[in-house]
Amino acid sequence: MSPSQAIPRRKRAVLAALGAMAVSASSVTVLTAPTATAAPTPKAADWDTDAYRGQVEVIPSNGNDQSVLKGRVFVDRDRDSRSDAGERGLPGVAVSNGRDVVKTDPQGRYELPAYDNMTVFITQPAGYQVPVDEFNLAQFHYNHLPAGSPPLRYGGIEPTGPLPSAVNFPLTQSQATKDPEHNCVIAGDLQTYDLREVGYARRGAIADLAKRDDYQSCGSLFIGDVVGDDLSLYPEVKDLSSQLNGPVRFLPGNHDLDFDAETAEHSFDTFREQLAPAYFSYDVGKTHVIALNTVRYPCTPDVDNADGQHPNCNDPENRPAYNGRLSEDQLAWLERDLAAVPSDKLVVVASHIPLLTFADEGSPVHQLDQVREVYKLLEGRKAVAVAGHTHTIENMKTGDLFKGWRDIFGIEGLPFPHIVAGAISGDWYSGALTEDGYPIAVGRDGGRPGVLTLNIKGNSFKERFTVTGESDDFQMQLGVNSPHYRDWYVARQAWNRNKQGEAPQLGDGRIVSKADLAGTTWLTTNFWMGATGSKVKVSIDGGPAQNAVRTQDARGEDQLVGPEFSDPHAISQQLVNGGSLADRMIHLWRLKLPTDLKVGAHRATVTATDSYGRQFSETMIFKVVEER
């Protein structure tokens with residue numbers, strides 16, 4: 001997401017102190033940066049040993065017909081990336097030019113119409129694995145642009161020359177991708193703006209993933225905003241991907257654009273040259289992953305401005321700009337791709353700009369124009385949508401609804417689950433540093449940096465979010481939302497605007513006065529992957545567990561915004577250290593504290609149960625005083 005669209009991005013020096021005490025007993029509050037960069041964690045030996053490394057075989061032109069591309073999908077028995085005599089062709093594999101989709105014949109052969117500036121790619125079939133390069137990037141495509149890109153700052157696509165006489169796609173047999181159980185890593189918004197932030201990513205989420213060996217079959221899918229506008233950082237990103245333990249695939253985001261491209265046809269040329277096709281699909285087990293490009297740039301009023309809704313396209317001062325839209329070619333490809341997918345498979349629809357999102361539910365720019373068309377294509381299928389862009393964590397279930405979706409798109413409830421996967425960069429690498437040398441970067445929804453994993457079994461899935469540097473059981477943060485806190489929130493926000501006089505101090509957010517209790521004081525639980533069907537119970541001092549109440553019901557209401565709907569744990573850091581404000585979120589639960597609590601220390605034990613019955617617990621000590 002562009003931080004100038006909806007949230008100001010504050011490029012600032014990392015501060016050395018939080019300034020306000022965090023209110024969760026389990027929070028990371030270590031503030032001193034290490035003096036040296038930690039070495040990457042060694043990768044699991046079996047991936048380095050067993051990875052199928054190679055490339056697509058391109059046979060140069062020999063004066064062949066330039067209107068038709070031919071080739072073969074074959075089982076690369078000797079793993080040399082060459083279609084040797086005796087290596088069998090693989091029938092029934094989907095091959096596309098970005099518009100058309102064909103299946104290979106019994107000998108593994110295909111033919112496709114050719115045109116300039118096309119990317120030809122295969123859909124990896126379950127039971128087989130495409131090769132990866134030395135950076136672990138999946139190799140399954142070929143760009144055809146005879147004269148190369150128009151002049152672009154970051155180079156675009158080098159001239160490819162005449163259409164090859166053949167483009168052959170190698171595969172190796174893989175029991176791992178045939179297995180019905182998989183862990184698929186979905187990584188949102190790496191979004192590094194400079195080498196320092198590349199280092200933050202390396203010491204944070206990338207180091208975490210390098211320690212894991214549970215995602216080798218499905219691999220990692222980075223869903224856009226791979227860098228922060230500086231496309232010269234792609235080699236650094238590839239160095240990061242080389243640390244991972246499985247095939248790596250990338251989707252483009254609005255910060256991966258060739259901003260000097262004059263037409264949408266060339267807006268992702270550098271991304272395509274360096275990393276991946278702009279859109280594609282692949283299979284593992286009984287799962288079909290569709291990776292969409294939902295960023296249209298530059299958008300124009302006549303093409304991208306349905307019903308006059310898009311301010312990015314309408315405002316002459318805000319052009320060129322982007323919005324969430326599929327090209328006509330991509331929409332045609334999507335229909336043909338899905339037509340070849342058995343109806344019993346789970347379809348994972350991945351994108352950068354979400355199909356729909358809570359964070360920007362009232363914006364037509366940051367959601368997908370053709371969301372209803374996509375829903376129609378997926379009708380009757382088991383599906384889940386995963387996306388990035390908003391730097392939030394959102395777990396939205398079938399039937400969930402918010403006002404903007406109805407008003408803008410005519411949606412009356414989600415037809416299948418939608419998940420916004422959070423961000424590796426969190427709140428754009430803001431805030432104080434942890435002892436491991438990356439920023440805490442608490443997000444606009446109080447979320448923490450991390451990655452999503454889909455645990456897939458057959459055509460069913462369970463989602464989990466792993467906070468950077470934490471174990472999988474760290475799923476929430478606790479706070480106290482009192483009148484004192486809310487008064488400080490307003491005063492500190494005003495002071496931050498003009499910096500006049502002494503800054504208002506919150507003090508220890510876990511201290512509650514009798515006057516606070518006489519007003520309304522809530523114990524808050526920010527349960528990051530909490531959703532419709534989740535439950536949060538709170539026990540005070542070992543007493544009976546009471547149900548906390550979710551602030552957003554997801555039943556057609558608008559966003560609830562302001563200090564009373566905020567996460568005090570996050571705000572106590574953000575208003576002091578800078579960053580976005582966690583003043584609205586889909587995953588906050590509150591329990592009103594009793595007015596008759598005795599003076600002294602109290603223990604709150606919170607048990608959060610997700611929609612699958614998995615339970616997580618955190619404990620917080622807070623103190624009641626007569627007066628401050």
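Along the sequence shown, residues carry numbers from 1.
Put simply, the side chain of T49 never gets that close to the backbone of D46: no donor and acceptor are under 3.5 Å apart. Side-chain atoms of D260 come within 3.5 Å of backbone atoms of R153 as a donor-acceptor pair (strictly under, hydrogens ignored). The backbone N or O of S430 lies less than 3.5 Å from no partner atom in the side chain of D427, so there is not a single donor-acceptor pair. In this structure a side-chain-to-backbone donor-acceptor pair under 3.5 Å is present from Y115 to N97. For N245 (side chain) and A210 (main-chain N/O), a donor-acceptor pair under 3.5 Å exists by modelled atom type. Distance alone, capped at 3.5 Å, places no donor-acceptor pair between the Q191 side chain and the W428 backbone. Distance alone, capped at 3.5 Å, is enough to place a donor-acceptor pair between the Q574 side chain and the V442 backbone. Y279 contributes a side-chain N or O that, together with a main-chain N or O of G98, makes up a donor-acceptor pair within less than 3.5 Å. With D256 contributing its side chain and V227 its backbone, the two residues share a donor-acceptor pair below 3.5 Å. A side-chain donor-acceptor contact under 3.5 Å links H391 to the backbone of G426.
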Could you go step by step and tell me if D567 and Q477 meet the side-chain hydrogen bond (donor to acceptor under 3.5 Å, both in side chains) rule? CA-CA 9 Å; D567 176 354; Q477 60 197 17; 2.7 Å; yes
CA sep, side-chain torsions, deciding dist, call: R584, D445, side chain to side chain contact (heavy atoms under 4.5 Å, CB included): CA-CA 6 Å; R584 71 202 74 183; D445 63 338; over 6 Å; no
Criterion side chain to side chain contact (heavy atoms under 4.5 Å, CB included) on L221 and V185, from CA distance to verdict: CA-CA 6 Å; L221 177 60; V185 170; over 6 Å; no
Full working for side chain to side chain contact (heavy atoms under 4.5 Å, CB included) between T392 and M585: CA-CA 9 Å; T392 58; M585 62 214 67; over 6 Å; no
What verdict does the salt bridge (charged side-chain N to carboxylate O under 4.0 Å, His left out) test give for R296 and D329, after you've listed the backbone C-alpha separation in whole Å, the side-chain angles of each residue and the deciding distance to 0.1 Å? CA-CA 12 Å; R296 170 77 176 192; D329 280 353; over 6 Å; no
Could you walk me through whether T357 and Q367 satisfy the side-chain hydrogen bond (donor to acceptor under 3.5 Å, both in side chains) test, starting with their C-alpha distance in whole Å, then the side-chain angles of each, then the deciding distance to 0.1 Å, before giving a yes or no? CA-CA 7 Å; T357 172; Q367 301 176 95; 5.8 Å; no
So D229 and F259, side chain to side chain contact (heavy atoms under 4.5 Å, CB included) or not? Walk me through it. CA-CA 8 Å; D229 302 331; F259 280 105; 3.3 Å; yes
Evaluate the criterion side-chain hydrogen bond (donor to acceptor under 3.5 Å, both in side chains) for residue pair T177 and S217; output intermediate values, then yes/no. CA-CA 5 Å; T177 67; S217 60; over 6 Å; no
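Here the CH2 atom belonging to W333 is positioned 15.0 Å from the CZ atom belonging to R99, to the nearest 0.5 angstrom. Distance check, rounded to the nearest 0.5 Å: CE of M529 to NE2 of H587 gives 9.0 Å. Of the inter-residue distances, the one linking F409 atom CZ with Q370 atom CD reads 10.0 Å to the nearest 0.5 angstrom. Remark: Y154 OH to L152 CG distance equals 11.0 Å, nearest 0.5 Å. Here Y52 contributes atom OH and Q129 contributes atom CD; the two are 9.5 Å apart, rounded to the nearest 0.5 Å. Rounded to the nearest 0.5 angstrom, T160 OG1 and N117 CG are separated by 9.0 Å.
Remark: F416 engages Y375, H418 in a ring pair (Phe, Tyr, Trp, His ring centres under 6.0 Å) (not counting sequence neighbours). Considering only residues two or more places apart in sequence or on other chains, W528 meets the side-chain hydrogen bond (donor to acceptor under 3.5 Å, both in side chains) condition with none of them. Evaluation of the salt bridge (Lys or Arg N to Asp or Glu O under 4.0 Å) rule for D337 yields no partner, not counting sequence neighbours. Evaluation of the salt bridge (Lys or Arg N to Asp or Glu O under 4.0 Å) rule for D214 yields R212, R464 as partners, not counting sequence neighbours.
Salt bridge status for R202 with D208: absent, with no side-chain N to carboxylate O gap under 4.0 Å.
Residue L163 comes nearest to A114 through the heavy atom pair CD2-CB, 3.7 Å, listed as atom of the first residue, atom of the second, then distance. When every heavy atom of N136 is checked against every heavy atom of S242, the shortest pair comes out as ND2-O, 3.4 Å.
For the pair R249 and V130, the minimum side-chain heavy-atom distance is below 4.5 Å. Under the 4.5 Å side-chain criterion, counting only non-hydrogen atoms from C-beta, Y322 is in contact with H366. At least one side-chain heavy atom of E470 sits under 4.5 Å from a side-chain heavy atom of R448. Residues P277 and H141 form a side-chain contact, since some pair of their non-hydrogen atoms from C-beta on lies under 4.5 Å apart. Residues F140 and V56 have side chains not in contact (no heavy-atom distance under 4.5 Å, counting atoms from C-beta outward). Using a 4.5 Å heavy-atom threshold, the side chains of D283 and V289 count as separate. Residues N183 and I456 are not in side-chain contact: their nearest non-hydrogen atoms beyond the backbone lie 4.5 Å or more apart. The shortest side-chain heavy-atom distance between L368 and L356 does not fall under the 4.5 Å cut-off.
For CD of E373, the number of neighbouring non-hydrogen atoms (other residues, nucleotides, ligands) closer than 6.0 Å is greater than 12.
There is a side-chain donor-acceptor pair under 3.5 Å between H389 and N254. A donor atom on one side chain and an acceptor atom on the other are found under 3.5 Å apart for T466 and D472.
Partner of V384 under the side chain to side chain contact (heavy atoms under 4.5 Å, CB included) criterion, chosen from V347, V349, I419, T287: I419. Across D225, T294, N293, a single residue satisfies side-chain hydrogen bond (donor to acceptor under 3.5 Å, both in side chains) together with H352, and that is D225. For the side chain to side chain contact (heavy atoms under 4.5 Å, CB included) criterion with V420, the lone passing option out of I393, T390, N395 is T390.
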Which atom pairs, donor and acceptor, lie under 3.5 Å between side-chain atoms of residues 264-271 and protein residues at least two apart or in another chain?
from: E265; atom 1: OE1; to: T263; atom 2: OG1; distance (Å): 3.3
from: H266; atom 1: ND1; to: D269; atom 2: OD2; distance (Å): 2.7
from: S267; atom 1: OG; to: A264; atom 2: O; distance (Å): 3.0
from: S267; atom 1: OG; to: Y297; atom 2: O; distance (Å): 3.3
from: D269; atom 1: OD1; to: R272; atom 2: NH1; distance (Å): 2.9
from: D269; atom 1: OD2; to: S149; atom 2: OG; distance (Å): 2.6
from: T270; atom 1: OG1; to: G156; atom 2: N; distance (Å): 3.0
from: T270; atom 1: OG1; to: D258; atom 2: OD1; distance (Å): 2.7
from: T270; atom 1: OG1; to: D258; atom 2: OD2; distance (Å): 3.2

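Counting only residues at least two apart or in different chains, ring pair (Phe, Tyr, Trp, His ring centres under 6.0 Å) contacts with residues 210-250 comprise F222-F250.
Using cut-offs of 30° and 60° for the angle between ring planes, the F280 and Y282 rings count as parallel.
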